[in-house]
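Just so you know, residue 1 is the first one in the sequence shown, and it goes up from there.
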Amino acid sequence: MADIMCPLPSGCENPSHITVTSAAADSEEKHEKQILEVKNQNAKRDSFSYNFTVCFSTMFDFKNVLQLVQSLEMLQLLGVNRVVIYKTSNSPETQRILDYYTHKGLVEVIPWPMTRFLHVSRSWLPQYDPGDIHYFGQIPALNDCLYRYMYQSRYIALQDVDELILPQSANSWLELLPQLEKNYGRDRCYMFENFVFPTTVARPPPSPDNLTLCCPSWKFVPGQNILHHLYHEPNHKILFSNFKIIVNPRAAVTLTVHGVLNPGNLCAWVDRSIARLYHTR
């Protein structure tokens, strides 16, 4: 991934379109250049289309249908208006879910066909699976989401399908946000401590009567049921590196997988008694 910084020529302070061409390209290649529209021409400070947008990155070989549905439903209960999913590949059952929530207006699916153009790394650690680009282009996807929704959403959240930022002293993000702004300042980046709920540890199986009252049809849905995993690992300091964030997108320039690059005084740790990250791997 690269940020390409260009000085604006005199007399062209507000370009509507740009192109990027290699200096080594011949004249014919330059004539075939792709023209790109300049987005975010009009900065806004209020009247956003969405209060909260969640950026998922990236969906590849995905078939965990049950956890996806649980996460999307939970995000709606928390007050999220939009979920952006960068999709490389998924199962037919997953596609039905994406189509349903897209039609509903909650989800926007961004095609992310990195594997057609690059040898992608399939591991978050390059030494285990090196490639042309890290982990299916996860970092470019997050930064695309930042700028795509910079003036559409009041706040954006970076998290994966198997993660949920859950308030401990409020019922939704709408109720949580005033508390965060009061405690840590407005227009900030809020970092949430990671608590891992291993899928190898589950609650005792429910009785047949409870299963009938709950959701018997779920046993036919492929994927992980997060409600079966109620025990988290002890949270050591090393886990602070795996936090996720809610951030004012107009205050950030470049995102990483966990947080903001060169955050300065932008980011603040949220006390675990106020809200925390639940990570059901």
*Asks:* What residues form a side chain to side chain donor-acceptor pair (under 3.5 Å) with Tyr147, not counting sequence neighbours?
*Replies:*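 Per chain and number, Tyr147 pairs via side chain to side chain donor-acceptor pair (under 3.5 Å) with no residue.
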*Asks:* As an exercise, state the distance from CD1 of Ile165 to CD of Gln159, rounded to the nearest 0.5 Å.
*Replies:* 5.0 Å
*Asks:* Parallel, tilted or perpendicular: which describes the rings of Trp173 and Phe52, with under 30° parallel and over 60° perpendicular?
*Replies:* perpendicular
*Asks:* What pairs meet the disulfide bond (SG atoms under 2.5 Å apart) rule with one or both residues in residues 69-120, with sequence neighbours excluded?
*Replies:* none
*Asks:* Would you mind checking if Glu181 and Arg186 are paired as a salt bridge, meaning a charged N to carboxylate O distance below 4.0 Å?
*Replies:*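 Salt bridge: yes.
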*Asks:* Under the rule for ring-ring contact (aromatic ring centres under 6.0 Å, His included), what residues qualify as partners of Tyr135, not counting sequence neighbours?
*Replies:*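 By the ring-ring contact (aromatic ring centres under 6.0 Å, His included) rule, Tyr135 matches Phe60.
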*Asks:* For a side chain to side chain contact (heavy atoms under 4.5 Å, CB included) with Val80, tell me which candidate from Thr53, Leu75, Leu72 qualifies.
*Replies:* Leu75
*Asks:* Quick one: do Leu8 and Ile35 end up in the same hydrophobic cluster if we chain Ile, Leu, Val, Met, Phe, Trp and Tyr together by side-chain heavy atoms under 4.5 Å apart?
*Replies:* no
*Asks:* Output every pair passing disulfide bond (SG atoms under 2.5 Å apart) with a member in residues 103-175, not counting sequence neighbours, ordered by first then second residue.
*Replies:*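 Qualifying pairs: Cys55-Cys145.
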*Asks:* Write out all pairs satisfying salt bridge (Lys or Arg N to Asp or Glu O under 4.0 Å) with one or both partners inside residues 160-178, taking only residues at least two apart or from two chains.
*Replies:* Asp160-Lys244, Glu163-Lys244
*Asks:* Of all residues at least two apart in sequence or in a different chain, which pass the ring-ring contact (aromatic ring centres under 6.0 Å, His included) check with Phe56?
*Replies:* none
*Asks:* Please go through Leu36's hydrophobic cluster and name the other residues, only I, L, V, M, F, W, Y counting, with side-chain heavy atoms under 4.5 Å joining them.
*Replies:*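 Cluster partners of Leu36: Ile18, Val38.
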*Asks:* Which residues pass the side chain to side chain donor-acceptor pair (under 3.5 Å) test with Thr280, not counting sequence neighbours?
*Replies:* none
*Asks:* Report the residues that fulfil ring-ring contact (aromatic ring centres under 6.0 Å, His included) with His119, sequence neighbours left out, ordered by chain and then residue number.
*Replies:*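 Partners of His119 by the ring-ring contact (aromatic ring centres under 6.0 Å, His included) criterion come out as none, since no residue qualifies.
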*Asks:* Hydrophobic clustering (ILVMFWY, side-chain heavy atoms < 4.5 Å, transitive) - are Phe48 and Ile156 grouped together?
*Replies:*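 Ile156 does not cluster with Phe48.
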*Asks:* Which value, rounded to the nearest 0.5 Å, describes the distance between Leu146 atom CG and Leu255 atom CG?
*Replies:*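 So the CG of Leu146 and the CG of Leu255 are separated by 4.5 Å.
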*Asks:* Does Tyr278 have any ring-ring contact (aromatic ring centres under 6.0 Å, His included) partners at least two apart in sequence or in another chain, and if so, which?
*Replies:*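 So Tyr278 forms a ring-ring contact (aromatic ring centres under 6.0 Å, His included) with Phe197.
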*Asks:* Could you work out, with side chain to side chain contact (heavy atoms under 4.5 Å, CB included) as the rule, every residue matching Gln76, not counting sequence neighbours?
*Replies:*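 By the side chain to side chain contact (heavy atoms under 4.5 Å, CB included) rule, Gln76 matches Glu73, Tyr101, Lys104, Leu106.
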*Asks:* Between the side chains of Asp129 and Ser121, does any donor sit under 3.5 Å from an acceptor?
*Replies:* no
*Asks:* Rounded at 0.5 Å granularity, tell me how far CG in Leu98 sits from CD in Glu93.
*Replies:*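 Between atom CG of Leu98 and atom CD of Glu93 there are 11.5 Å.
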*Asks:* Would you check if the side chain of Asp144 reaches a backbone N or O of Pro140 as a donor-acceptor pair within less than 3.5 Å?
*Replies:* no
*Asks:* Once rounded to the nearest 0.5 Å, what's the spacing between atom OG of Ser49 and atom CD of Gln152?
*Replies:*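 Result: 5.5 Å between the selected atoms.
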*Asks:* Any ring-ring contact (aromatic ring centres under 6.0 Å, His included) involving residues 65-85? Give me the pairs, sequence neighbours left out, ordered by first then second residue.
*Replies:* none
